[in-house]
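Here is the naming used below: chain letters follow the sequence lines, and residue numbers restart at 1 for every chain.
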Amino acid sequence: DAGVTQSPTHLIKTRGQQVTLRCSPKSGHDTVSWYQQALGQGPQFIFQYYEEEERQRGNFPDRFSGHQFPNYSSELNVNALLLGDSALYLCASSFPGLASHEQFFGPGTRLTVL
Amino acid sequence: LAKTTQPISMDSYEGQEVNITCSHNNIATNDYITWYQQFPSQGPRFIIQGYKTKVTNEVASLFIPADRKSSTLSLPRVSLSDTAVYYCLVGDAFEGGKLIFGQGTELSVKP
């Protein structure tokens with residue numbers, strides 16, 4: 001059973017560019033959440049997708065957008081990249097309806113903005 | 001989600017029991033307490049979740065006093081591979097959704 005997978009593993013972009021990160025949830029999971037983790041900090045919630053809709057959103061600007069596909073996979077798009085967007089981007093999947101905060105995280109995508 | 005406070009770092013030696021305490025004074029009635037573990041350059045991993053008293057699984061134990069204003073994650077007989085950052089989270093598990101991570105506790109296990 002494959003866990004959460006993310007691509008690419010690493011990415012280098014320059015300021016002002018746009019980036020798309022991809023995530024495939026764990027088998028049987030239909031909810032995908034995205035987090036940003038700066039060096040030395042805990043992960044920060046960006047948004048969550050369920051049934052192809054954004055269900056919750058954290059305190060991130062509109063430059064951060066996402067999408068969920070019918071097969072539950074998801075994309076995170078970041079426009080007009082800033083140096084401060086350099087971070088590890090984590091995707092997590094879960095199955096709603098359970099009284100649980102158990103989410104399964106992928107290995108992350110390391111984004112470097114120069 | 002309720003604010004949590006935990007030590008920034010802790011040191012231990014192999015074979016010892018490690019207890020990491022988290023304070024959450026404004027925990028709500030419906031809130032659960034959840035702990036995650038994170039190794040460098042990896043995503044966090046769910047360890048344990050509880051509501052009251054004591055919860056134990058194959059990895060750790062979680063102790064929650066009656067007032068639920070704090071909780072203690074107990075790792076029995078740690079090894080070098082337990083060196084990681086441990087996060088305490090508090091929130092309504094029925095809402096699921098976003099997890100609010102603090103800075104976590106960086107545990108260093110020495111030989």
*Neighbour count >12 (heavy atoms, 6.0 Å) for atom CG, A:Leu114*: yes

*Residue pair B:Gln103 / A:Gly40: nearest heavy atoms and the distance that separates them*: NE2-O, 3.6 Å

*B:Tyr36 (side chain) donor-acceptor with A:Gln103 (main chain) under 3.5 angstrom*: yes

*In Å and rounded to the nearest 0.5 Å, what is the CD to CG distance from B:Gln42 to A:Leu88?*
10.5 Å

*Let me know if A:Pro107 has heavy atoms under 4.5 Å from chain B in its side chain, its backbone, both or neither.*
backbone

*How close do B:Pro44 and A:Leu90 get, heavy atom to heavy atom, and via which atoms?*
CD-CD1, 3.8 Å

*Where is the tightest heavy-atom contact between A:Arg110 and B:Ser41, given as atom of each residue plus distance?*
NH2-OG, 4.3 Å

*Examine whether an atom of B:Glu106 lies under 4.5 Å from a heavy atom of chain A, and if so say whether it belongs to the side chain, the backbone or both; otherwise answer neither.*
neither

*Would one find more than 12 heavy atoms of other residues, nucleotides or ligands at under 6.0 Å from atom CG of B:Asp67?*
yes

_According to a hydrophobic-cluster definition based on side-chain heavy atoms being under 4.5 Å apart (Ile, Leu, Val, Met, Phe, Trp, Tyr only), do A:Leu111 and A:Val32 belong together?_
yes

*Taking atom CG of A:Leu83 as the centre, does the number of heavy atoms from other residues, nucleotides or ligands within less than 6.0 Å exceed 12?*
yes

*Any link between A:Phe45 and A:Leu76 through a network of hydrophobic side chains (Ile, Leu, Val, Met, Phe, Trp, Tyr) touching at under 4.5 Å?*
no

*asked:* So for atom OH, which belongs to B:Tyr51, do other residues, nucleotides or ligands contribute more than 12 heavy atoms lying within a distance under 6.0 Å?
replied: yes

*Answer yes or no: are there more than 12 heavy-atom neighbours, outside A:Arg57 itself, under 6.0 Å from its atom CZ?*
yes

*Approximate separation, where rounding is to 0.5 Å, of A:Phe104 CZ and B:Arg45 CZ*: 10.5 Å

*Could you tell me whether the side chain of A:Tyr35 and the main chain of B:Leu99 form a donor-acceptor pair under 3.5 Å?*
yes

*Between A:Gln44 and chain B, which part of the residue has a heavy atom less than 4.5 Å away: side chain, backbone, both or neither?*
side chain

*Take atom CZ of A:Phe47 as the centre, draw a 6.0 Å sphere, and report whether it contains more than 12 heavy atoms from other residues, nucleotides or ligands.*
yes

*Does a side chain donor of either B:Gln49 or A:Glu102 reach within less than 3.5 Å of an acceptor in the other side chain?*
no

